[in-house]
Amino acid sequence: MITALETQWQELLNLFHLSDRLTEQVLIQRIEALDLPDNLCHALICSIEGNNRIINEYLFDLPVTYQQPVAWIAPVIINSHKRYAWMIGRISSEVSEVRFKFDIASARVRDDSILMCRHEPKPVMFIEPIAVSDFSESVVSQGVESTNTVDDFAVFQVGYKESNGDIEDFDQRLVLNATLLEQNFNTAIVRATKVIYGLREVDKSLLEQQAKLLAFLHVEGHNRGHFAGCWPFDKSKSCLLHEAVEEFRACLNAIRWAEHLDLTTDQADIFAFSVFAIRFFHYGYRAYVEPIKTHQSIRETSVGLMFFQTLYQAGVFCIDPNKKIFHQFDLTQLRPALIAAVQKLNQQEFEARSQGIEGLREVGRYWYQLAYPNSNLSPEAQSIYTHLRESSIA
């Protein structure tokens, strides 16, 4: 629901709604005429012109307790027509707690035998949208072909450019839609709890009560997880066969990172479960049911299956072939199984690094073979996805 806004913010919202029908020059002139903070006005104009680094930096420089509205806009191309992705919102109240937890963990993760993270990226900024652009067509972002869905643009991700060219992944400052992340999390948990027998009511209650915090911890840990381990992500890891493995690795590293966030054992176990749930029951399942398979959807399905098969082979759960549900589910064994997986993956990448891309391909082949036994979904994973689809769960 759109809340009441002060005059200048309502005027900016009205202007954003009109942005697709205005020329760049007219849009800039009208923004300049609004009573907005000078640095925000400058940042919005730079982003409209194609440099969205400044608007992201503006948001990151605000104190986490900032209560006034914030705004974001960037050009995208849809069906050869220029349009704008935009939002008006407020900084999420959970940002302060998330940053505090990761700040106190910094010294610990440097000495962690798996993470070994001495250089962490900038933290993520989570925004609660008041209003956000809405379009779902396939797009070309900043002139680069893309297969983003409406969800991706609600997460405020477009081609990340500045006047001097592309920005390194480590230096990117990510601005994410807090409401959407929580919705995705809740969707995953609803699906999971419908087909998993063995979760305690107290576990379900914790997932429900701390959905937003757990979702934020996952995203923050995932982003940092790319830059941890014996082979942190950089341009040298550009390998198609390894892309899904890199996403899997970042999630596993987030689970390891959570062990340094002063969570209780139960909270750490629930967090690890939530990472599995969001990857298998939301992103993986959503990609699986898409009628047209794309590079992105195949990657997302593959990551979900890597989680599923890792846990299934570790004996964390069994699948009832008749009822098509998880049973004998042991939550206490889930996190150790995933930590063992990241230890194995870390060792594989340590040995592969000296071989470069060919080494990455070998690592990729191993995990793809795990995800797709006999070059297809395992009967167990297939039965769960089929059950979800036929039951129209969530």
Side-chain angles (χ1 to χ4, degrees), residues 184-185 187-199 203 207 218 222 225 242-256 269-290 293 296-345 348 363-391 393-394:
N184 290 346
F185 182 94
T187 296
I189 299 306
V190 167
R191 288 181 183 143
T193 54
K194 293 292 185 181
V195 296
I196 295 177
Y197 285 22
L199 280 178
D203 298 327
L207 287 163
H218 176 198
H222 179 101
H242 189 268
E243 284 186 6
V245 179
E246 179 61 30
E247 289 299 302
F248 181 54
R249 188 183 74 89
C251 283
L252 294 177
N253 280 341
I255 292 169
R256 178 66 168 195
D269 286 344
I270 284 293
F271 174 73
F273 170 78
S274 74
V275 174
F276 157 62
I278 193 73
R279 296 309 312 212
F280 182 73
F281 288 104
H282 178 66
Y283 291 112
Y285 177 70
R286 184 180 68 174
Y288 169 78
V289 298
E290 285 182 4
K293 303 305 179 188
Q296 179 179 342
S297 67
I298 293 171
R299 182 189 68 202
E300 295 299 338
T301 301
S302 300
V303 176
L305 293 174
M306 288 174 191
F307 271 99
F308 180 92
Q309 294 299 138
T310 294
L311 296 175
Y312 179 68
Q313 291 194 7
V316 175
F317 55 77
C318 297
I319 301 296
D320 185 319
N322 297 316
K323 296 181 180 179
K324 300 177 182 178
I325 58 171
F326 294 70
H327 69 108
Q328 298 179 18
F329 185 89
D330 189 347
L331 179 62
T332 63
Q333 293 303 309
L334 183 144
R335 179 161 55 100
L338 295 177
I339 295 300
V342 73
Q343 289 174 323
K344 183 178 186 67
L345 178 51
Q348 289 174 328
V363 175
R365 289 187 189 101
Y366 174 87
W367 292 99
Y368 267 98
Q369 288 169 2
L370 174 75
Y372 298 97
N374 301 316
S375 301
N376 209 336
L377 274 74
S378 68
E380 294 79 16
Q382 183 73 64
S383 69
I384 296 299
Y385 276 174
T386 299
H387 179 52
L388 291 173
R389 192 169 195 170
E390 292 177 346
S391 305
I393 296 175

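Scope of the values below: all heavy atoms of this structure, side chains included, with no hydrogens, waters or symmetry mates.
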Starting at [atom1] of [X], measure out to [atom2] of [Y] and round the result to the nearest 0.5 Å.
{"X": "T301", "Y": "E290", "atom1": "OG1", "atom2": "CD", "result": "7.5 Å"}
{"X": "I270", "Y": "D203", "atom1": "CD1", "atom2": "CG", "result": "4.0 Å"}
{"X": "I278", "Y": "H222", "atom1": "CD1", "atom2": "NE2", "result": "11.5 Å"}
{"X": "Q343", "Y": "Q348", "atom1": "CD", "atom2": "CD", "result": "12.0 Å"}
{"X": "F280", "Y": "L311", "atom1": "CZ", "atom2": "CG", "result": "10.0 Å"}

With sequence neighbours excluded, what pairs up with [X] under the side chain to side chain donor-acceptor pair (under 3.5 Å) test?
{"X": "R335", "answer": "E259, D269"}
{"X": "D320", "answer": "none"}
{"X": "S383", "answer": "none"}
{"X": "Y385", "answer": "none"}

Of the non-hydrogen atoms in [X] and [Y], which two are nearest, and what is the gap between them?
{"X": "C251", "Y": "V275", "result": "CB-CG1, 3.8 Å"}
{"X": "K324", "Y": "H387", "result": "O-CD2, 3.4 Å"}
{"X": "T310", "Y": "A341", "result": "CG2-CB, 3.8 Å"}
{"X": "A192", "Y": "F273", "result": "CB-CZ, 4.0 Å"}
{"X": "G364", "Y": "H242", "result": "N-CD2, 4.5 Å"}
{"X": "R389", "Y": "V289", "result": "NH2-O, 3.7 Å"}

In chain order, what residues pass the ring-ring contact (aromatic ring centres under 6.0 Å, His included) check against [X], with sequence neighbours excluded?
{"X": "F271", "value": "none"}
{"X": "F326", "value": "F281, F308, F317"}
{"X": "F307", "value": "F248"}

Tell me, do F329 and L334 make a side-chain contact under 4.5 Å, heavy atoms counted?
yes
For residues Y366 and V245, determine if any side-chain heavy atom of one lies less than 4.5 Å from a side-chain heavy atom of the other.
no
Backbone N/O of T332 and side chain of D330: donor-acceptor pair under 3.5 Å
yes
Test of understanding: with side chain to side chain contact (heavy atoms under 4.5 Å, CB included), list the residues that count as partners of [X], not counting sequence neighbours.
{"X": "Q328", "answer": "C318"}
{"X": "Y197", "answer": "I325"}
{"X": "T193", "answer": "I189, L199, K204"}
{"X": "A244", "answer": "R299, S302, V303, M306, Y368"}

How far apart are the C-alpha atoms of Q309 and S378, what are their side-chain angles, what is the distance that settles it, and do they pass the side chain to side chain contact (heavy atoms under 4.5 Å, CB included) test?
CA-CA 8 Å; Q309 294 299 138; S378 68; 2.5 Å; yes
Heavy atoms of other groups near K293 NZ, more than 12 under 6.0 Å
yes
In R279, R286, H282, the residue satisfying side chain to side chain donor-acceptor pair (under 3.5 Å) with E300 is R279
Under the salt bridge (charged side-chain N to carboxylate O under 4.0 Å, His left out) test, which residues partner E246, sequence neighbours left out?
K237, R249
For Q382 and Y288: C-alpha separation, side-chain torsions, deciding distance, then whether side chain to side chain contact (heavy atoms under 4.5 Å, CB included) applies.
CA-CA 10 Å; Q382 183 73 64; Y288 169 78; 2.5 Å; yes
